Amino acid sequence: GMGLWAEVVERVARGIAFFPPEPPAYALRELPDGSLELCGQGALFGGLLGGGAGQGGPGRPPRLSQCEVRRLRTQPRPGGGGNSLVVALWVPCPGARVTILHSHANAVDLGGMQFIWRQLSAALRVNILGYDYSGYGESSGAPSIRNCLADCEACYDFLVGEKGVPEEQIVLYGQSLGTGPTSELASRKPRVGGVVLHSPLASGVRVLSPNLRWWPIWCDIFPNFKLVEKIRAPTLIMHGDEDEVIDISHARLLHKNSANPYPPLFAKGYTHQNLEQCPDFLPTLHTFLRRVESGSGRPESRTIDRAGTI
């Protein structure tokens with residue numbers, strides 16, 4: 001029955017999708033006031049999020065005293081998954097009017113991502129909430145499809161409920177594997193401000209068999225090519241045309257299927273690992289985020305949402 005198939009799919013997913021860094025690239029330390037900080041890999045961490053000189057040394061970023069490390073409890077999902085404690089990092093930017101919820105790629109954790117989030121936050125003038133999937137870094141539980149969907153939703157609920165961020169100001173941003181939970185959540189949140197899919201997969205099975213014509217959707221993982229049809233927010237897709245991990249055909253299919261496509265960035269000569277180095281990467285994101293900020297690009301029917309008819 002379907003239960004057996006679901007198990008097979010989860011097993012396949014674990015084999016191809018989840019590679020948490022071992023050991024984690026950071027540790028958590030509880031401070032006397034009950035708050036948490038990241039520590040680990042030597043002075044960089046000390047200078048960035050812990051004690052040490054406010055400005056750091058040469059080449060060391062200043063201390064991020066305003067960053068907040070949180071443990072968020074995820075909700076149990078029907079059919080299994082959830083009920084983990086995931087570690088999230090809140091990187092605020094004073095005066096920001098947009099908040100990115102960032103779902104990272106499959107072989108990194110908060111230890112490595114914190115620097116990237118910090119740079120993106122400053123360069124794009126946005127708040128960023130990043131998190132580790134269940135079984136990654138210091139997040140509890142095991143890596144699985146259902147768990148990572150619950151992880152992403154718990155972060156969204158934290159932004160709306162605890163940080164008071166209006167849904168229209170949230171941009172769901174997924175990179176590589178992270179485009180799975182990002183697309184799934186975005187397809188169920190009609191009010192979200194924008195969606196960014198960075199080096200996305202059209203679906204798990206299509207990564208393994210790029211020329212596949214048809215495959216039963218219930219036997220696939222992360223069927224993003226179907227989910228984007230339901231995403232009402234403006235959707236920006238960015239992909240390198242020499243991507244050696246996920247072929248650019250994935251991005252083209254997603255763009256073609258998007259309900260509300262934004263002009264994509266198909267970066268000539270860039271790969272899965274270096275898309276961020278493309279000179280158009282930050283300007284494209286910047287223009288997209290300012291458009292989200294201004295509220296343009298949303299379907300007119302959004303006003304119906306507020307009346308509660310959807």
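As the structure is a computational prediction, the values presented were derived from the model and not from experiment. Reckoned from all heavy atoms, side chains included, excluding hydrogens, waters and symmetry mates.
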Rounded to the nearest 0.5 Å, what's the gap from OH on Tyr131 to OG1 on Thr74? Could you check? 11.0 Å
Does Asp132 reach the main-chain N or O of Leu110 with its side chain, forming a donor-acceptor pair under 3.5 Å? yes
Closest approach of Gly82 and Ala150, non-hydrogen atoms and distance? CA-CB, 3.7 Å
Ser103 side chain to Leu101 backbone, donor-acceptor under 3.5 Å: no
Do NZ/NE/NH1/NH2 and the carboxylate oxygens of Arg125 and Glu293 come within less than 4.0 Å? no
Short side-chain to backbone donor-acceptor contact, His239 and Pro264, under 3.5 Å: no
For the pair Asp109 and His104, evaluate side chain to side chain donor-acceptor pair (under 3.5 Å) and give the outcome as yes or no after the intermediate values. CA-CA 8 Å; Asp109 65 21; His104 63 59; over 6 Å; no
Ion pair Glu153/Lys189, N-O distance below 4.0 Å: yes
Looking only at side chains, do Tyr270 and Asp280 share a donor and an acceptor under 3.5 Å apart? no
Taking all heavy atoms of Ser84 and all of Ser134, pick out the closest pair and write down the distance. OG-OG, 2.9 Å
So, the side chain of Thr182 versus the backbone of Leu172: is there a donor-acceptor pair under 3.5 Å, distance only? no
Is the backbone N or O of Ser144 less than 3.5 Å from a side-chain atom of Asn147, with the two atoms forming a donor-acceptor pair by type? no
Option passing side chain to side chain contact (heavy atoms under 4.5 Å, CB included) with Thr179 (candidates Leu254, Leu201, Val195): Leu201
Looking at every non-hydrogen atom in both residues, tell me the closest pair between His250 and Ala202 and how far apart they are. ND1-N, 2.8 Å
Quick one: does any side-chain atom of Asp151 pair with a main-chain N or O of Tyr133 as donor and acceptor, under 3.5 Å? no
